[in-house]
Protein chains: 2
Amino acid sequence: MKTTKYNIPVEATLEVIGGKWKVVILCHLKEQTLRFSELQRIIPNITKKMLSQQLRELEHDGIIKRTLYDEIPPKVEYSLTDEGETLREVLDLMCSWGNARIEKDPNAVNLYKEHERGWDKTLL
Amino acid sequence: MKTTKYNIPVEATLEVIGGKWKVVILCHLKEQTLRFSELQRIIPNITKKMLSQQLRELEHDGIIKRTLYDEIPPKVEYSLTDEGETLREVLDLMCSWGNARIEKDPNAVNLYKEHERGWDKTLL
DNA sequence: CTGCATCCTTAGCGATACTG
DNA sequence: CAGTATCGCTAAGGATGCAG
């Protein structure tokens, strides 16, 4: 039983979409239903373990829906639930804010954390 | 010079407001200018080190403004910059989404009390 | 009051191997 | 294809003390 008390309501949001990967995953799923392997491909830096873990948590929180097709080979699709759809506005805004920031100053963003690994993926 | 590329633009947003504390800090600062000690008081679980660290990063990223009053004892105020103001929509939405989610969960809503000090240890 | 320095703990995350 | 299991590292985060 969960006995968490929030000091401020936004912590409830962070509990659901916080962490390194969930917003990225949801930003893809809000555009289209995707299979596990498709998510892996368009999120190049995530490991299977993390992807699986984050998807399970999002499913547990009622944000995404997991559809298993009983085929060989297995096929699983992930999509937003109705509850997940209520996040669409938030996700859209976060995406467009990121876009605006990148266009404003493409360099300023990474001046601070020099230690961070650069991603040379051609995919964007 | 190293150039960091994002696989998806929203990662630029996460780089600025990601982590455990920044959204919480900004949700307070979007309502009012606050001193260091005031932030410490209304975010009971944050340590001085983390608060200081997160504030510095937010300042470096141009999101908040640090105003030092040359007094004894020292007085420092934090507020949103114009760039920080562009986050207000995002923050507002995240806050209201959290509110809505709490209201859906009778258990959590009963445990939540705004601006009360510390955690209710009787519930932990 | 506002913070930085130091040391330490933790848990998030990753690499790899394995399974139905 | 879609995961799980195990191990281990590292960076995030925490406790404490010192300083302007």
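Protein chains get the first letters and strands the later ones, always in sequence-line order, with residue 1 at the start of each. Reckoned from all heavy atoms, side chains included, excluding hydrogens, waters and symmetry mates.
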### Message
Does A/K65 have more than 12 heavy atoms from other residues, nucleotides or ligands lying within 6.0 Å of its NZ?
### Response
no

### Message
Nearest to the B/T47 side chain among D/dT4, D/dA15, D/dC1, which nucleotide is it?
### Response
D/dA15

### Query
Rounded to whole angstroms, how far apart are CG on B/L51 and P on D/dG14?
12 Å

### Task
Report yes if some heavy atom in the side chain of B/I17 is under 4.5 Å from a heavy atom in the side chain of A/M94; otherwise report no.
yes

### Message
By nearest atom, which of the nucleotides C/dC7, D/dT4, C/dT2 is closest to the B/P74 side chain?
### Response
C/dT2

### Task
State, to the nearest 10°, the angle formed by the axis through the first five base pairs of the helix from C/dC1-D/dG20 to C/dG20-D/dC1 and the axis through its last five.
50°

### Query
Within this structure, what is the CG-to-C1' distance between A/L34 and D/dG3, rounded to whole angstrom?
17 Å

### Summary
Closest to the side chain of A/S37, out of D/dA2, C/dC1, C/dG14, is D/dA2

### Task
Using atom NZ of A/K22 as one end and atom C1' of C/dG12 as the other, report the distance to the nearest whole Å.
12 Å

### Task
Return the value, rounded to whole Å, for the distance between atom CG of B/L14 and atom P of C/dC13.
12 Å

### A/Q53 vs B/P73, nearer the 5' end of DNA chain C by closest nucleotide
B/P73

### Message
Less than 4.5 Å apart, side chain to side chain, heavy atoms only: is that true for B/L26 and B/I64?
### Response
yes

### Task
For the side chain of A/F36, starting at C-beta, report the closest nucleotide among D/dG14, D/dA2, D/dT4.
D/dA2

### Message
Rounding to an integer number of Å, can you tell me how far B/M50 CE sits from C/dC8 C1'?
### Response
15 Å

### Query
Checking all strands, does A/K75 fall into the base, sugar-phosphate, or nothing category for heavy-atom contacts under 4.0 angstrom?
sugar-phosphate

### Query
Counting side-chain heavy atoms from CB outward, which of C/dT2, D/dG14, D/dG3 is closest to B/R66?
C/dT2

### Query
Rounded to the nearest Å, what distance is computed from the NZ atom of residue A/K49 to the P atom of nucleotide C/dA17?
16 Å

### Query
Hey, what do you get for OG1 (B/T47) to CD (B/Q54), rounding to the nearest 0.5 Å?
9.0 Å

### Message
Is it true that, when you exclude A/E83 itself, more than 12 heavy atoms of the residues, nucleotides or ligands shown sit nearer than 6.0 Å to its CD?
### Response
yes

### Query
Considering residues, nucleotides and ligands other than B/K75, do more than 12 of their heavy atoms fall under 6.0 Å from its NZ?
yes

#### Entry: Between C1' of C/dG12 and CG of A/N45, the distance in whole Å
16 Å

### Task
Please determine if a side-chain N or O atom of B/S52 lies less than 4.0 Å away from the OP1 or OP2 oxygen of C/dC4.
yes

### Task
Have a look at B/Y69 and say if it touches a base, only the backbone sugar-phosphate, or nothing, with a 4.0 Å heavy-atom cut-off.
nothing

#### Entry: Under 4.0 angstrom between B/R35 side-chain N/O and C/dC1 OP1 or OP2
no

### Query
Shortest non-hydrogen contact from A/P74 to A/R35?
O-NH2, 3.5 Å

### Task
Provide, to the nearest angstrom, the distance between the NZ atom belonging to B/K48 and the C1' atom belonging to D/dC18.
10 Å

#### Entry: Trace of the salt bridge (charged side-chain N to carboxylate O under 4.0 Å, His left out) decision for A/E59 with A/R56
CA-CA 5 Å; A/E59 185 191 4; A/R56 256 184 290 121; over 6 Å; no

